[in-house]
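Small disclaimer: the values here were computed from a predicted structure and weren't measured. Chain A is the first sequence line, chain B the second, and so forth, proteins listed ahead of strands; every chain is numbered from 1.
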Amino acid sequence: MSAIAVERPRQAAVGALGRGALRAFAFVAGLAILWGLWEGYRWLGMREHWTWPFTVNNVNMPHIHSILQAFDKPLQPGGPPLRHYLFHYALFTGKEALAGFALGAVVGFLLAVVLAHSTLLRRGVVPYIVASQTVPLLAIAPMVVLGLGTKGVTPWISVAVIAAYLTFFPVAINTLRGLHSVDPGALELMRSYAAGRWDLLWRLRVPSSLPFVFSALKISATASVIGAIIGETPASLQGGLGYAIVNFNQYYSIQPANLWATIIVCALLGIFFFLMVVAVERIVLKRAPEYVA
Amino acid sequence: MSAVVIKGVSKSFPAGVTALTDIDLTVEPGEFVSLIGPSGCGKSTLLRIIGDLVKPTAGSVSVSGKPSAQARREHEYGIVFQDAVLYDWRTVAKNISLPLELLGWSRPRRAARVKDMVSLVELSGFENHHPWQLSGGMQQRVSIARALSFSPSLLLMDEPFGALDEMTRERLNAELLRIWDETGSTVIFVTHSIPEAVFLSTRVVVMSPRPGRIATVIRIDQPQPRTAATREEPRFFELVTQVREALAAGGAPLGETQEPALVEEPA
C-alpha cells in the first residue's frame, strides 16, 4: 500500500500544544512591547518637552493604566461605570455591523456570480463598483439615513446599509477573481461529464472561489465595524460606539481616557468580527493546510 | 459495433500549427489501445477529439456508434488526466461520486457504487480522506475510480501515470489491467513510455510528429493475463524493440521534448 502523508497523531498533538503556547506568548509579548513603547515615548516626550508631531502630555497620551482605570469609573457621579455603557454601545454597533456585514457579503457574492457569467456586463459594471468606493462615506451616510427614514426604515438598519456599502466591495472583487481561478483541468473534466452551467457553478466554481471569498470576508469583517461607527455619526444615531466617540470627543480635554477606552472597545469589536470569520473558515474550508491562512 | 471509429481526422490550431493530419483508426470493444509518440505528435489532442473536448478541423469521430458530441452528452466515456484533477474540498468518496451526482443518481445508489469503486481500486479505508492526504499513486487511483464510476463503455487515459515514479507506475499498470479485465471496458491510453504501452496494450498505435499522423500500428500478441513475468519474456523485448524502431522510423527520436506542448484552444 502506498505511504500516505499524514502526521503521526502524537507528534501533531504535541506540536499543536507547543504552537498554542507559542502563540499565547507572542500575543502577551506583543502587548507588553506596545505598552513599553507607549509609556517610553510618553516619558521621553514629557522629559524632553517634545512638541512635534504633537505635544506629549496627559491629555494627548494618558497613561495606559489610566485608560484601563477609566473603564471602571462611573460616567456620572453615582452612575454605572464606563464599561457598562461601552458594553451596550458595542452590542448596538455590533448589531449594525453584523447586519451590514451579512448584507454586504450576500450582495457582493451574488454580484460576482452574475458578473462572472458575462464579460460584457463585467466591462460595464466593474468600473462603477470601483467608483462607488471612492465616494466619501460621510457624504452619503446622511442621504441613506434620511432617504430610508422617509420609507419608514429604522435608523439602525440604515446604518447597517451604510456598513454594507463598505463591505460588499472586497467580497465582489475577490469572489469574481475566485470564480475565474478554476483549474483548467477541472473545467475539462466537467466538460467531459457534459455538466451544465448550474452544476459548473455550484460544484466547481463556487467551491474553488471559497479561499478568495474568505480572504475578502476578513477584510469586510473589520470594514463593517468601521462602516457602522462612521454611519452612526451623520445619522445622529444614539446608543452606539460612533455616538460615544462624538460625545467623548467633546470632553476630550477633561477626560481623554474615556475616548481612548472607547477606541479600545472599537478595536476589540473589529477583532472579534475578524476572529469569527477565521473560525467559520476553519470549519468550512477543508483544504490542504497551506491554503488556510 | 465498433467502440471508436475515427475517419479522416485533422486538426489545425489557429496559430497555424497542424497538430494532426488525416487520422483513421477503428477500436473494437474490449480493446486496450495505446497511442505513443514523441511530444507534439498530437496524441493528447487525438484523445481529446475522441472525447469531444477539442473539435477536429476535418473528419469525424464516432463513439459506440454515436457522433462524439452526442457520446459525450450521453456519458459514453470516462477520462483520466495526467493530473488526478481531484477536488480538494471533497473526500475520496465524494470525488468518486461527482459524476454520479451530475447524472442524478439517488444517494443510496451512489453510496453503493462508491463502495464498489473504492474496493475496485483498493482504497478501502481511505473513503473519508481528502486528496491532499494521499500519495500521487493513490490520487490517480481515485481518478480512475471516478472515471469508471458510472460504468462508461470507454475509458480515455491521458498519460495517467506519467508523473509517478517507475515502481508505482508498474504496480498501477498491473492494477489497470486487472480493472480492465474486471470491467470489460475499452481503453484508449496515451503514453510516451514504450514498455508501458507494450505491457498494457492489445494494440500500440505509433504516432509521429510534424504533422501528427499514425506511423504504424503494432499488434501486441502477448497472452493475457499479463503479470510481472510478462516484462521479462523475450517476446516482450522484441515488441519493445519493434515499437522503438517504429518510433525512430517515424522521424523523431524519443525524449525530444524541446517542442512546446500544444496549447488547448478554449472550449
Heavy atom to heavy atom, less than 4.5 Å: which residues from residues 178-190 of chain B reach chain A? none
Part of A:L187 within contact of chain B (heavy atom distance under 4.5 Å): neither
Rounded to the nearest 0.5 Å, what separation is found between the CG atom of A:L189 and the CG atom of B:D83? 11.5 Å
Heavy-atom contact with chain A under 4.5 Å, split by part of B:L98: side chain
Considering non-hydrogen atoms only, spot the tightest contact between B:R72 and A:S192 and give its length. CG-O, 3.7 Å
Run B:Y87 and A:D183 through side-chain contact (heavy atoms from CB on, under 4.5 Å) and show every step you take. CA-CA 10 Å; B:Y87 291 0; A:D183 170 24; over 6 Å; no
For the CZ atom on B:F150, are there more than 12 heavy atoms of other groups (residues, nucleotides or ligands in this structure) within a distance under 6.0 Å? yes
Which pairs count as salt bridge (Lys or Arg N to Asp or Glu O under 4.0 Å) when at least one residue sits in residues 203-213 of chain A, sequence neighbours excluded? A:D199-A:R203, A:R203-B:E101
List the steps, then state whether side-chain contact (heavy atoms from CB on, under 4.5 Å) holds for A:E188 with B:V85. CA-CA 10 Å; A:E188 209 172 25; B:V85 198; over 6 Å; no
Determine the minimum heavy-atom distance between A:G185 and B:F81, stating which atoms define it. O-CE1, 4.1 Å
Nearest 0.5 Å, what's the CG-CG distance between A:L210 and B:D88? 12.0 Å
Quick one: side-chain hydrogen bond (donor to acceptor under 3.5 Å, both in side chains) pairs with a partner in residues 150-165 of chain B, sequence neighbours left out? B:S44-B:D158, B:R48-B:D158, B:S64-B:S153, B:E76-B:S153, B:R113-B:S151, B:E159-B:H192, B:D165-B:T168
Does the side chain of B:R146 come within less than 4.5 Å of A:Y193's, by heavy atoms? yes
Pairs flagged by ring pair (Phe, Tyr, Trp, His ring centres under 6.0 Å) wherever residues 197-228 of chain A is involved - sequence neighbours left out: A:W198-A:W202
Please determine whether the number of non-hydrogen atoms from other residues, nucleotides or ligands lying under 6.0 Å from atom CZ of A:R177 exceeds 12. no
